[in-house]
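Notes for the one structure printed next.
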Number of protein chains: 2
Amino acid sequence: MAGRPRDERTRSVILRRAADIASQDGLEGLSIGRLATDLGVSKSGLFGYFGSKEELQLATVRAAAAVYVEEVVQPALTVPPGLGRVRRLCENWLSYSQRRVFPGGCFFFAVNAEFDARPGRVRDAAAAASLDWTRFVARAVDDARQLGELAGDTDPDQLAFELIAFMETANAVSLLHDDPNAYERARTAIRRCLDTASTNR
Amino acid sequence: MAGRPRDERTRSVILRRAADIASQDGLEGLSIGRLATDLGVSKSGLFGYFGSKEELQLATVRAAAAVYVEEVVQPALTVPPGLGRVRRLCENWLSYSQRRVFPGGCFFFAVNAEFDARPGRVRDAAAAASLDWTRFVARAVDDARQLGELAGDTDPDQLAFELIAFMETANAVSLLHDDPNAYERARTAIRRCLDTASTNR
DNA sequence: CCTACCGATCGGTAGG
DNA sequence: CCTACCGATCGGTAGG
């Protein structure tokens, strides 16, 4: 029977490795045989944990979301709502990407680009995670606005779009051109963007 | 013998279709057998045009770059250097993405994300094309600066990074969430960004 | 959770 | 430029 503590630990080790592979080679490039060999178990043994490749992919997305929440979202909640939390959120994201928590950079950047033009449950799961994150950033921006730290006419969705654009492009450029400078570019852009919208200039 | 007019036309039809597939399913998801079936030719016949999958991938990148130049770069050269050309470049890019010149959105966004964490000739070709584009945008920005239409202390590389971030994120968001609003977000951000750097406020 | 296998598809080749 | 094939690998299953 599934669900025993031992199984859960094994499952979590499998999924953490799956997310690492997928960040580099995509969720289609992640093959059950390769993952099994990597982990030193039989292919059918590993297969039994998930039942299909699609279920493995979906479980990997959920596992990566948990890492993302732990690395980026949770530590920002220790900062009180307001501009400080927005800044912290951005810095956490850039650090998560730059430290290569996943070896291929942000897991969701890779998987969103892979599935953005195909239908299916994996795409739906990735899109839902992306929407959660976008809304979370927009909410943090709106909190700062309501607290009077950002101008009253600030559009939270628009500002969230711009901040996320800088972060994701830093991830993309740093990977493709092996250029850590991209993170400083993003930090500069985010600083300027928030300063412009700030009431405390 | 290769290189006859007939062959060149066939080759170009093959590569245009290859780029369409790759924009949706990636250059690894592009299989020789599937491409051959799609085009109604034999797999080995098609294979003969390229000699290996990697050569097909590289030829596809070159073909997509030609489309990109024709759709985005060339029509911007009809506008004289300066802020107008920068705006035109951005608008051409957004239109190229929004019109789905490639059905999976910007070919290079998809392929760059697919290969950004793997070594090889395909990655190198994608990175080179990306660098060409980034430099072209930065050059257009610097022209506008030297013409006095952008502030003298404008950093062309920084501004190019920001403009490209808005464009690529519009592409990504519009695909993943089927949300054409993302393009208006990018247009708003680009307008504000250029207005802020402009000397004609 | 293992070995051993299934049919399908992959990139690539032989031979004409 | 075709048919027919190669070994390798894919997702998935049978049987224990």
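Chain identifiers are assigned alphabetically (A, B, ...) following the order of the sequence lines, protein sequences preceding nucleic acid strands; residue numbering begins at 1 within each chain. A quick note: this is a predicted structure, and the numbers were derived from the prediction, not measured.
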Going by heavy atoms in the side chains, are [X] and [Y] under 4.5 Å from each other?
X	Y	answer
A:Val61	A:Gln57	no
A:Leu194	A:Leu159	yes
A:Phe108	A:Trp133	no

- Task: Determine which bases of DNA chain D form Watson-Crick or G-U wobble pairs with both distances under 3.5 Å, and write the result as a 5' to 3' dot-bracket string with | for other-strand partners.
- Result: ||||||||||||||||
Could you tell me whether a side-chain N or O of [X] sits under 3.5 Å from a main-chain N or O of [Y], the two making a donor and an acceptor?
X	Y	value
A:Thr78	A:Pro75	yes
B:Arg145	B:Gly152	yes
A:Arg118	A:Glu114	yes

- Query: Do you see a donor-acceptor pair shorter than 3.5 Å between the side chains of A:Asn92 and A:Arg88?
  - Reply: yes
- Note on the structure: 5' to 3', nucleotides 9-16 of chain D under a 4.0 Å protein heavy-atom cut-off (B base, S sugar-phosphate only, - none) gives -SBBB---
